[in-house]
Amino acid sequence: RKGSVIITGASSGLGLATAKALAETGKWHVIMACRDFLKAERAAKSVGMSKENYTVMHLDLASLDSVRQFVNNFKQSGRPLDVLVCNAAVYQPTAREPSFTADGIELSVGINHLGHFLLSRLLLDDMKQSDYPSKRLIIVGSITGNTNTLAGNVPPKANLGDMRGLAGGLNGLNSSTMIDGGDFDGAKAYKDSKICNMLTMQEFHRRYHEETGITFASLYPGCIATTGLFREHIPLFRLLFPPFQKFITKGYVSEEESGKRLAQVVSDPSLTKSGVYWSWNKDSASFENQLSEEASDVSKARKVWEISEKLVGLA
Ligand code: NDP
């Protein structure tokens with residue numbers, strides 16, 4: 001049978017390019033888990049995906065109710081779940097004030113980390129039950145949350161601190177909107193959320209890899225300077241960022257190439273190792289990358305996991 005893969009945020013950028021790459025092989029049915037149903041349908045058509053290779057299902061990661069509803073709908077569809085890709089994200093580098101999810105949680109950490117945390121926890125059983133030979137749970141990471149790299153050292157740097165803000169629910173009322181308890185900073189909130197993504201992947205690996213055989217992985221797909229992720233940035237930045245990445249840092253990858261990379265992490269028989277953060281070198285060959293000290297801190301990973309469980313109502 002075809003493999004069955006859920007990709008969140010498959011309506012644009014990396015998610016769409018990955019959906020396309022997988023659908024084209026004819027070996028995958030892609031469930032595009034998207035907040036905007038029409039946009040996702042149009043996106044699938046625009047890249048030439050044929051109807052029998054995908055299904056669009058509604059998922060708004062900015063609402064924990066929506067996450068639960070998506071999981072129920074998926075279970076009712078009767079499809080198996082072989083691979084889950086947590087890809088959707090928002091980035092608000094110029095926001096002066098925080099915005100919030102339906103549950104009153106700061107938006108970037110709410111969507112990028114907590115929505116995905118609940119989603120993957122609720123779908124773990126479905127993955128366990130699948131008879132697919134290589135089951136994988138992939139959480140897209142980033143270099144920007146990784147302070148052992150040049151890009152990860154551009155201020156404001158990611159830093160979870162003692163997580164007092166996260167423990168308080170990031171609500172801006174009786175707690176800070178930032179994980180470390182500091183003042184709101186949209187760019188930092190994104191980087192912090194990506195650290196949480198990478199810590200969560202490793203904690204999944206430690207808790208569930210042996211028991212379930214599921215491969216847990218994260219990746220940095222390269223700098224895809226043209227995606228919608230930068231839509232909220234100032235116009236001058238959006239103009240200069242792609243050529244800067246192409247010619248100066250040489251970290252630029254096209255959406256198509258990044259989609260092929262993530263599709264490899266989904267399906268390549270050689271990328272089955274669990275607990276790994278994949279990156280690609282200049283010749284587009286994959287390698288196991290090192291994570292920064294904070295992004296590989298075992299006790300922080302446990303703490304993020306335990307606090308997140310409480311915030312999403314699992315504990
Ligand atoms: P895009 O903005 O193009 O795609 C983000 C996707 O997430 C969109 O489909 C968007 O939906 C979706 N999304 C946003 N909020 C929600 C929500 N509340 N519920 C459901 N879906 C939502 O960005 P990219 O493709 O660049 O980003 C994809 C991933 O790649 C992210 O995890 C990002 O951190 C990572 N990444 C990107 C890099 C880059 O250089 N671009 C570098 C490293 C990592 P909609 O279409 O409706 O807006």
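Ligands are counted one by one from 1 in listed order, and the atoms in each one are counted from 1 as well. Here the structure is a predicted model, which means the values were calculated and not measured. Only heavy atoms go into these numbers, but all of them, side chains included; no hydrogens, no water, no symmetry mates.
- Atoms of ligand 1 lying under 4.0 Å from at least one heavy atom of Ala62, given by number and element, are 18 (N).
- In this structure, Phe204 and Tyr208 have tilted ring planes: the angle between them lies in the 30° to 60° band.
- Atom 29 (C) of ligand 1 has its nearest heavy-atom neighbour, among Asn87, Ile7, Val67, in Asn87.
- At under 3.5 Å, a nitrogen or oxygen of Arg35, whether backbone or side chain, sits near a nitrogen or oxygen of ligand 1.
- The distance from the CG atom of Leu311 to the CZ atom of Phe117 is 9.5 Å, given to the nearest 0.5 Å.
- Aromatic ring orientation, Phe237 versus His233: parallel (interplanar angle below 30°, classes split at 30° and 60°).
- With rounding to the nearest 0.5 angstrom, the OG1 atom of Thr177 is 8.0 Å from the CG atom of Asp183.
- Counting only heavy atoms from C-beta outward, the side chains of Glu294 and Ile195 approach each other to under 4.5 Å.
- The CG atom of Leu64 sits 5.5 Å away from atom CD1 of Ile105, with the distance rounded to the nearest 0.5 Å.
- A heavy-atom distance below 4.5 Å is not found between the side chains of Glu106 and Thr101.
- Residue Ala225 has no N or O atom closer than 3.5 Å to an N or O atom of ligand 1.
- Counting only heavy atoms of the protein, atom 25 (O) of ligand 1 lies nearest to Leu14 N, 2.8 Å.
- Close placement of the Tyr132 and Trp28 rings is indicated, their centers lying within 6.0 Å of each other.
- Distances below 4.0 Å separate heavy atoms of Leu59 from the following atoms of ligand 1: 19 (N), 20 (C).
- Contacts with ligand 1 closer than 4.0 Å are made by no heavy atom of Ile143, backbone or side chain.
- The shortest contact between atom 27 (O) of ligand 1 and any protein heavy atom is with Leu229 CD1, 4.1 Å.
- Not a single N or O atom of Val140, backbone or side chain, sits closer than 3.5 Å to an N or O atom of ligand 1.
- Near Lys39, the atoms of ligand 1 lying under 4.0 angstrom from a non-hydrogen atom of the residue are 45 (P), 46 (O), 48 (O).
- Residues Gln202 and Ala295 share a closest heavy-atom pair of NE2-O, 2.6 Å.
- By heavy-atom distance, the residue among Met32, His58, Arg231, His116 lying nearest atom 2 (O) of ligand 1 is Arg231.
- Comparing Ala43, Ser11, Ala102 by heavy-atom distance to atom 9 (O) of ligand 1, the nearest is Ser11.
- In this structure, Gln264 and Ser286 have side chains that are in contact, with non-hydrogen atoms separated by less than 4.5 Å.
- With Asp180 as the partner, the salt bridge (charged side-chain N to carboxylate O under 4.0 Å, His left out) test is satisfied by one option alone out of Arg164, Lys188, Lys157, Lys300: Lys188.
- Residue contact check for ligand 1: Gly141 places a non-hydrogen atom closer than 4.0 Å to it.
- Looking only at heavy atoms of the protein, atom 21 (N) of ligand 1 is closest to Ala88 CB, 3.6 Å.
- The closest approach between a heavy atom of Thr8 and any atom of ligand 1 is not below 4.0 Å.
- The nearest heavy-atom contact from the protein to atom 24 (P) of ligand 1 is Thr227 OG1, 3.5 Å.
- When non-hydrogen atoms are compared, ligand 1 lies under 4.0 Å from the backbone of Leu61 as well as from its side chain.
- For the ligand labelled ligand 1, residue Tyr190 lies inside the 4.0 Å heavy-atom shell.
- Annotation: Lys194 places an N or O atom under 3.5 Å from an N or O atom of ligand 1; distance criterion only.
- Of all atoms in ligand 1, numbered sequentially from 1 with element shown, those under 4.0 Å from a heavy atom of Tyr220 are 42 (C), 43 (C).
- Not a single heavy atom of Glu255 lies less than 4.0 angstrom from ligand 1.
- Residue Gly222 places a heavy atom under 4.0 Å from ligand 1.
- Looking at Asp60 against ligand 1, both its backbone and its side chain come within 4.0 Å, counting heavy atoms.
- Of the candidates Ser66, Ala89, Gly13, Ala89 brings a heavy atom nearest to atom 5 (C) of ligand 1.
- Closest protein heavy atom to atom 4 (O) of ligand 1: Ser12 OG, 3.2 Å.
- Proximity to Val90 (heavy-atom distance under 4.0 Å) selects the following atoms of ligand 1: 14 (C), 15 (N).
- Hydrophobic clustering of Ile, Leu, Val, Met, Phe, Trp and Tyr side chains at less than 4.5 Å, counting indirect connections, unites Phe241 with Tyr91.
- Classification of Arg302 and Glu203 as a salt-bridged pair fails, no side-chain N sitting under 4.0 Å from a carboxylate O.
- Ring geometry for His209 versus Phe216: interplanar angle over 60°, hence perpendicular rather than tilted (30 to 60°).
- The shortest separation from a heavy atom of Cys223 to ligand 1 is under 4.0 Å, placing the residue in contact.
- Ligand 1 has a nitrogen or oxygen under 3.5 angstrom from a nitrogen or oxygen of Ile224.
- Residues Leu291 and Met198 approach most closely at CD2-SD, 3.5 Å, considering heavy atoms.
- The distance from atom CG of Leu166 to atom OG of Ser175, rounded to the nearest 0.5 Å, is 8.5 Å.
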